[in-house]
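Shown next, in structure tokens, is the structure this report addresses.
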Amino acid sequence: MKDEQLLDIDKSHVWHPYSAMGLDHPVYPVASADGVRLKLTDGRELIDGMSSWWCAIHGYNHAEMNRALQAQIQKMSHVMFGGLTHQPAVELAEKLVALTPDKLQSVFFSDSGSVSVEVAMKMSIQYWHAIGHTNKKNFLTIRNGYHGDTFGAMSVCDPVTGMHSLFQNVLTQQYFVDAPECLFGQPCTDEDIAEFEQTLRSEKKSIAAVIMEPIVQGAGGMRFYSAEYLKRVRELCDHYHVLLILDEIATGFGRTGKLFACEYADISPDIMCVGKALTGGYMSLAATITTKDVSETISHGEPGIFMHGPTFMANPLACTAALASLNILLASPWQSEITRIEKQLAAGLGPCQALNAIEDVRVLGAIGVVELSNPVDMATVQPQFVEAGVWVRPFGKLVYLMPPFIIQDEDLEKLTTAVVDVLSN
Ligand SMILES: Cc1ncc(COP(=O)(O)O)c(C=O)c1O
């Protein structure tokens, strides 16, 4: 199909994320992708600064990933998971249990991050229901969070930046406290955690769980907060008998410099959600991982089963992709690679500090963020990045880079230089 025709049909019939149908926002047809490069159908190559929204940590078209998937497709692409099981799922569950904090022992697979959050929320409600605390049905979270676009997940996204105000009267009302003022690397004072503690203390009878992204708040503002705050949250959840759900969907698998961001606070949640980079960006797969206490309590309580079971649960191809991706990650010197990327992001984005209308430049692990005073004009900025040969997709006031871990210095320099140049204009 010619580009012109493809774009015509796309414009008439295809809806893109967070977009209006049929309007003239440019979309760029991609013919293939390899390493850190997206190859457009017109022959241009773009260096990927986004890892396809946190996922493609090993880059694209990875020979080992391809081999593993080709071998699995010869055996089976999919079988239902009700009453059946298979090696890719079992091996992956075993691996996730080994890699995540010790307390997390039971793995529930699902097809996307948002669904894994729904599952975590349902687990929390069912847990308390099973032991007779039927009023514990609500959730406490911090502002500026993002947990997905399904209804339960939306209800715990930031009410303002979460773009969900339209659904305000439809969503379950949850408890929100301000996002931590204490930033990454800073201590957490009693005052910093006071609102959180007070809300937990007064509403504990109706709160099933606290849900938050550990250390890095992603799509809700790309903020990095104090590990001590997270540690205090764990202590307070224990003290007031509330479960803790950590959403590691964006942060998991090395992105922040730790395999899981909760390791910065040296804590374990009661329930952890993972997705995105789980399969190295090859397929959609997520998992909700919980403790024996939670899984056994639910299984022994009324109605004796956990009420969830997606059709594509533990899809064998997706589990195979995840196993291959984890093997590649763990066999690589990923920590030193992240440190290298972190240093170069800090040096390369540093000059943005001196530009007009820049609020902040911050870097953690393989995440570099430039926060502007005003929202970016995407219609102007997006083509400029493409002209510069890079794929950078800002949102709101945030221009950010989170490249594949395999990116080499020269390509990373092109990315940071493009950000500085485009923002200078
Ligand atoms: C922290 C976090 N939680 C949940 C989600 C939702 O995941 P998905 O888009 O796979 O449903 C995202 C996606 O950006 C996320 O960043």
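In what follows, residues are counted from 1 in the order of the sequence shown. Atoms within a ligand are numbered from 1 in the order they appear, just like the ligands themselves.
- For Ser114, a nitrogen or oxygen atom sits less than 3.5 Å from a nitrogen or oxygen atom of ligand 1, counting backbone and side chain alike.
- In this structure, His308 and Phe306 have parallel ring planes: the angle between them is below the 30° cut-off, well short of the 60° mark.
- Proximity to Ala250 (heavy-atom distance under 4.0 Å) selects the following atoms of ligand 1: 16 (O).
- The distance between the ring centers of Tyr18 and Phe395 does not fall below 6.0 angstrom.
- Numbered from 1 in the order shown, with element, the atoms of ligand 1 that lie under 4.0 Å from a heavy atom of Asp247 read 1 (C), 2 (C), 3 (N), 4 (C).
- Atoms of ligand 1 lying under 4.0 Å from any heavy atom of Glu213, numbered from 1 in the order shown and given with element: 1 (C).
- Ring planes of His78 and Phe312: tilted class, angle from 30 to 60°.
- At a cut-off of 3.5 Å, with distance as the only test, a side-chain donor of Tyr282 or Asn66 sits close to an acceptor on the other residue.
- Taking every heavy atom of both residues into account, Val242 and Trp128 meet most closely at CA-CZ2, 4.1 Å.
- Close approach to Lys276 involves these atoms of ligand 1, each under 4.0 Å from a residue heavy atom: 12 (C), 13 (C), 14 (O), 15 (C), 16 (O).
- Ion pairing between Asp158 and Arg143 fails under the 4.0 Å rule for side-chain N and carboxylate O.
- Regarding atom 10 (O) of ligand 1, its nearest protein heavy-atom neighbour is Gly113 N, 2.9 Å.
- Remark: ligand 1 atoms within the under-4.0 Å shell around heavy atoms of His147 are 3 (N), 4 (C), 5 (C).
- For Glu248 and Thr251, the side-chain atoms include at least one donor-acceptor pair closer than 3.5 Å.
- Here Tyr146 has heavy atoms under 4.0 Å from ligand 1 in both its backbone and its side chain.
- Annotation: Ile249 places no N or O atom under 3.5 Å from an N or O atom of ligand 1; distance criterion only.
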